[in-house]
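These notes are about the structure you will find just below.
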Amino acid sequence: MTAPKQDSVAQNEASYDPTAIERKWQERWKAHSTNSPDLDRAPKPFYQLMMFPYPSAEGLHIGNVFAFTGNDIHGRFQRLKGNNVFEPIGFDAFGIHSENYALKVGIHPMELIPRNIENFRRQLRRVGLMVDWSHELSTTDPDYYKWTQWIFLQLMNRGLAYRKKAAVNWCPSCKTVLSNEQVVNGACERCGTPVEQRFLEQWFFRITDYAQRLLDDLDWIDWSETTKTAQRNWIGRSEGAEVRFRVGDEEIAVFTTRPDTIFGATYLVLAPEHPLVSTITTRSQRGTVDAYVTRTAKQDLVARKVTEKEKTGVFTGAYAKNPATGKDIPVWIADYVLMEYGTGAIMAVPGHDERDFQFAEKFGLPIVRVVAGEGDDASAPLTEAYTASEGVRLVNSGRFDGLSVEEGKRQIVGWLETEGAAKGTVTYRLHDWAISRQRYWGPPIPVIYCDDCGVQQVPEKDLPVVLPYVEDFRPDDSGVSPLARHEEWYRVPCPECGKMARRETDVSDTFLDSAWYFLRYPSTEFDDRPFDAARTRRWLPVNSYIGGNEHAVLHLLYTRFVTMVLHDARHLDFEEPFRKFRAHGLIIREGAKMSKTKGNVINPDEYIERWGADTLRTYLMFLGPFEEGGDYREAGISGVRRFLDRLWASVLEMRSDGAPDASVMRKLHQTIRKVGDDIERLSYNTAIAAMMEYMNALRSNERTPHRAEVVPLVQLVSPFAPHLAEELWERMGHDVSVFDSGWPAYDESQLVEDEIELVVQVNGKVRGRVRVPREIDRDAALSAALSEPGVAKFVNGEPAKVIFVPGRLLNIVVK
RNA sequence: GCCCGGGUGGCGAAAUGGCAGACGCGGGAGACUUAAAAUCUCCUCCCCGCAAGGGGGUGCGGGUUCGAUUCCCGCCCCGGGUACCA
């Protein structure tokens, strides 16, 4: 790669010097508050939100620059369209990621984080974003997390926060509880250590109460389809039935999505943790069952969740009555049945479920066929689970024989309901949100435990519960937060009775910090309320939200949940926070993912110095489709710089005398339309290509462009290369910011050509092109086409058929 | 396994039923220059052909259509997510 030479010979007043220009305009924007809209009076508010970054010690990543630039271009475009755009930024600086790094380098996070943030600010400013820095926030600021704690209390007030002793994922290396989401293939997502099971008293949010609403709203919000699908899968709605099986005096409820197969249910399986296990186990089986239960409890979740492993399980000695067949079937326990899903018990239908089939084969349990396809012998033994459900019928199911799966479900559930043995029901895969973290670097959960009064909220007037500075913030394997080692901090009077009590020493999940930050941005200057009602009414919900797809489930789901709760508590008048969400792609480098270990991480500073922020911005957007990401290769950047150089030269050389060229102007109007349309749908790479194409027309054959041909191009380029555009705009004699100049309009009449090139095909193969008037009709087009010798020679005699697409193409079909 | 993406020149990529390869990189030839850089102009999917022209071509195999990179069916490969979820 060669950078443009900056030697003294080439250097003159007329050459494009991004370093000087970018510094000048960044200072100017700051001095004039160019990027701060009037939050109280803006007539056309437009909230352009970007997922805020985690301020890592490594500094801004090229992927951040890519994402922020894509967001900024959309925001700047909206401003040019006449909107009052609010583009805030902040830092998601709490959490295990920061804390682990602080532990590694041995610097306290309270010193480290401000340093990192300062570095991020410096780098972000250099990118030239239209950020309103006067509304910056950090989740670690007590003025911010005061309200994170307040939100916790709002959930508590609505009965949506509860404590339970739960089997949690425990990372023995990070020494903390992980959410299910932070466990990747049974291992900690941060350090890769296999996760173990531990039982701790935890705070949970009842997000499952909102499962259906979270699902239903997906039908109307304007989000990337991929993100919506990911959320639907995560919520995991299953329709089925809860069927009750009698076991002596007890009843075992199972959840099934295939009630139609109940005649093939030849045994039941309970999760080892199921509360009825000890009740129903017979004396002779007690020893075996207890041993199995104990073994499962000790087993870590990794080992348990490996699908491929041999099925294990033991017989309880008890029998249940199948309500459909009336037969007694054995009750087993096995670790392939999970207590967290459904009812923690299943009816096993080995003939039509792969897992049940494996289990039945291993333990010699009966396998009965109750579903058969066309031509299948209903009495022949099955050699594998038959799971087809389309185009099949029920067999060996008494009076339900011959029904389809759908009809069978309906009729069998109906029948069992009248017998009082079942009811139709819906189950979700989504679990409640575990909030507690036994760590230091987070907002303390604002509750106090009093021996007499029980769980007490910290009164709102006492918020924030400030996270104290403690030297020793390293977690140990006691399972409690490092704060629990500081009696001077956790011993406080009970807010109710005044007796000495104990603070909660756990802190809350980082995802709670980020679940409401967009509400805070417009209201950062208010310290007596989390978000101002009038400001919120003016600016929210967010008009456009852009972020990475790695947050497609967790962050976006939690954010929607918190918004719904605040809506229900009448703090907000909307329940969906983001009208429009689009996920950006990932930047890779020379075909590989960037990582420190590979040594292929790109430091944006270096590129900004070498090429200028405008060139880097435009190049990143030119790499590939914004929503797919792209491959960063050194080679390509020079082409973008050349384009900007040519724009610079065009402004310096342009003439004002005479008339602009008609065909160039026509091309200009087409380009204005295309660039606007493309930016609107985030197709930045093609918008840039269109501008380059126009540039080629503008400067073809070394012609000197006319002022009228150049001025709008500077406006089109401005969202991509804002500093350069401002500089050129000023040099062209304007005294307002180019961003207040309005998006150029295009002339509809200029978009269509009077004469077009009609493509002529014979049997679908292109055989020629003819220049014809745009409005030509079919017969005239045909005779024009046949007058071309290159076409005529393929047409012998009368055409069998002629397809005419006006303005485009003529296809002559001969046999 | 399941669910999402994706597979097009030497490379990044365009084209959403109508001229495949826009735009850019790289490469080639030329202009300017004492020379180089920069800049500018032209060429650049593959095969046959001096040319005119012809043939082939968007992961593979089928299908629908006057016409398919695009729609449908069946596979293969790559990336991401998810996983005893009953």
Side-chain angles (χ1 to χ4, degrees), chain A residues 2 4-5 7 9-10 15 184-186 224-230 232-234 236 238 240 254-258 269 304-309 311 334-338 340-349 353-356 358-359 427-431 549-550 552-553 585-586 588 590-591 593 619 622-625 627-640 642-643 645-646 649 683 685-696 699-702 757-769 790 799-803 805 808-814:
Chain A
T2 51
K5 268 230 176 77
D7 64 70
V9 183
S15 75
V184 177
N185 292 326
S224 320
E225 219 36 63
T226 53
T227 311
K228 293 210 267 190
T229 306
R232 285 193 187 103
N233 291 343
W234 193 262
S238 291
V254 307
F255 174 72
T256 178
T257 54
R258 293 291 305 275
V269 189
R304 175 155 178 182
K305 298 221 171 172
V306 172
T307 324
E308 297 78 30
K309 82 167 186 199
K311 292 276 178 291
D335 68 359
Y336 81 92
V337 174
L338 307 173
E340 314 94 77
Y341 184 76
T343 60
I346 62 158
M347 63 175 210
V349 184
D353 180 284
E354 276 164 32
R355 296 151 302 176
D356 297 345
Q358 280 175 32
F359 193 82
T427 296
Y428 301 91
R429 204 195 72 123
L430 183 70
H431 295 327
N549 231 341
E550 68 274 20
V553 247
L586 234 64
I588 57 171
E590 323 238 313
K593 210 169 166 173
Y619 177 56
F622 188 58
L623 284 178
E627 291 180 78
E628 285 169 34
D631 193 346
Y632 192 98
R633 281 168 201 263
E634 312 291 316
I637 197 166
S638 58
V640 167
R642 245 194 294 276
F643 166 68
D645 280 337
R646 301 214 300 163
S683 183
N685 56 334
T686 54
I688 295 165
M691 290 188 287
M692 286 174 164
E693 218 174 311
Y694 176 65
M695 178 69 79
N696 291 341
R699 297 181 65 85
S700 63
N701 296 314
E702 303 191 51
E757 197 165 71
L758 190 73
V759 173
V760 182
Q761 297 182 333
V762 178
N763 286 348
K765 259 185 176 322
V766 178
R767 294 301 182 184
R769 301 168 178 82
K801 195 173 175 183
V802 175
I803 283 79
V805 183
R808 285 202 132 141
L809 157 146
L810 184 79
N811 187 12
I812 303 166
V813 184
V814 296

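Just so it is clear, the structure is predicted and the values come from calculations on it, not from any experiment. Lettering of chains follows the sequences in order, A, B, ..., and the numbering in each one begins at 1.
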Nearest-Å distance once atom C1' is located in both B:G61 and B:G80: 27 Å
When the C1' atoms of B:G7 and B:C11 are compared, how many Å lie between them, rounded to an integer? 15 Å
Spacing of the P atoms in B:G74 and B:C2 (rounded, Å): 12 Å
Taking the P atom of each, how far is B:G81 from B:U58, in whole Å? 32 Å
So, the side chain of A:T343 versus the backbone of A:A345: is there a donor-acceptor pair under 3.5 Å, distance only? yes
Which heavy atom of A:D356 sits nearest to which heavy atom of A:A348, and what is that distance? OD2-CA, 3.3 Å
For atom CZ of A:R232, is the number of surrounding heavy atoms from other residues, nucleotides or ligands below 6.0 Å larger than 12? yes
With both distances under 3.5 angstrom, what nucleotide forms a Watson-Crick or G-U wobble pair with B:G5? B:C78
In whole Å, what separates the C1' atom of B:G56 from that of B:C4? 35 Å
Let me confirm one number: the CD-CG distance from A:E550 to A:L586, rounded to the nearest 0.5 Å. 7.0 Å
d(CG, A:N233; P, B:C85) in whole Å: 14 Å
Using whole Å, report how far CH2 of A:W234 lies from C1' of B:C2. 15 Å
Heavy atoms of other groups near A:E354 CD, more than 12 under 6.0 Å: no
Tell me whether A:K311 forms a cation-pi arrangement with A:F359, defined as NZ or CZ under 6.0 Å from the six-membered ring centre and within 45 degrees of its axis. no
Begin from the C-alpha positions of A:L623 and A:N685 and carry the test side-chain contact (heavy atoms from CB on, under 4.5 Å) through to its verdict. CA-CA 7 Å; A:L623 284 178; A:N685 56 334; over 6 Å; no
What is the distance from NE2 of A:H431 to P of B:U82, rounded to the nearest Å? 14 Å
Take atom P in B:G21 and the same atom in B:G10, then report the distance between them in whole Å. 15 Å
Please report the distance, rounded to the nearest Å, between CD in A:E354 and P in B:A86. 13 Å
When we call it a touch if two heavy atoms are under 4.0 Å apart, what does A:S238 touch: a base, just sugar-phosphate, or nothing? sugar-phosphate
How far does the C1' atom of B:G17 sit from the matching atom of B:G63, given to the nearest Å? 16 Å
If I pick the C1' atom on B:G24 and the same atom on B:A13, what distance separates them, to the nearest angstrom? 8 Å
Paired with B:C42 by Watson-Crick or G-U wobble geometry, both distances under 3.5 Å: which nucleotide is it? B:G28
Whole angstrom value for the distance that separates C1' of B:G79 from CG of A:L586: 10 Å
If you assign A:P625 and A:R429 each to the RNA chain B nucleotide with the nearest heavy atom, which residue ends up on the more 5' nucleotide? A:P625
Taking B:G54, B:A86, B:G12 as options, the one with an atom nearest any side-chain atom of A:Y341 is B:A86
Rounded to the nearest Å, what distance is computed from the CG atom of residue A:N549 to the P atom of nucleotide B:G5? 11 Å
The glycosidic conformation of B:G9, counting syn as within 90° of 0 and anti otherwise, is syn
Round to the nearest Å and state the distance from A:R232 atom CZ to B:C3 atom C1'. 13 Å
Opposite nucleotide pairing with B:U33, Watson-Crick or G-U, both atom distances under 3.5 Å: none
Closest to the A:T256 side chain, choosing from B:A13, B:C84, B:A86: B:A86
Could you state the NZ-P distance from A:K228 to B:G5, rounded to the nearest angstrom? 13 Å
Which letters describe nucleotides 15-26 of chain B, given B = protein heavy atom under 4.0 Å from base, S = only from sugar-phosphate, - = neither? ---BB--BBSSS
Let's test this: given Watson-Crick or G-U wobble pairing with both distances under 3.5 Å, identify the partner of B:G18. B:C66
Would you indicate whether the side-chain heavy atoms of A:I688 and A:Y619 approach each other to under 4.5 Å? no
Starting from the 5' end of RNA chain B, give me the residue, A:A230 or A:L623, whose nearest nucleotide shows up first. A:L623
Could you check whether any side-chain N or O of A:N763 sits under 3.5 Å from a backbone N or O of A:V814, counting only pairs where one atom can act as donor and the other as acceptor? yes
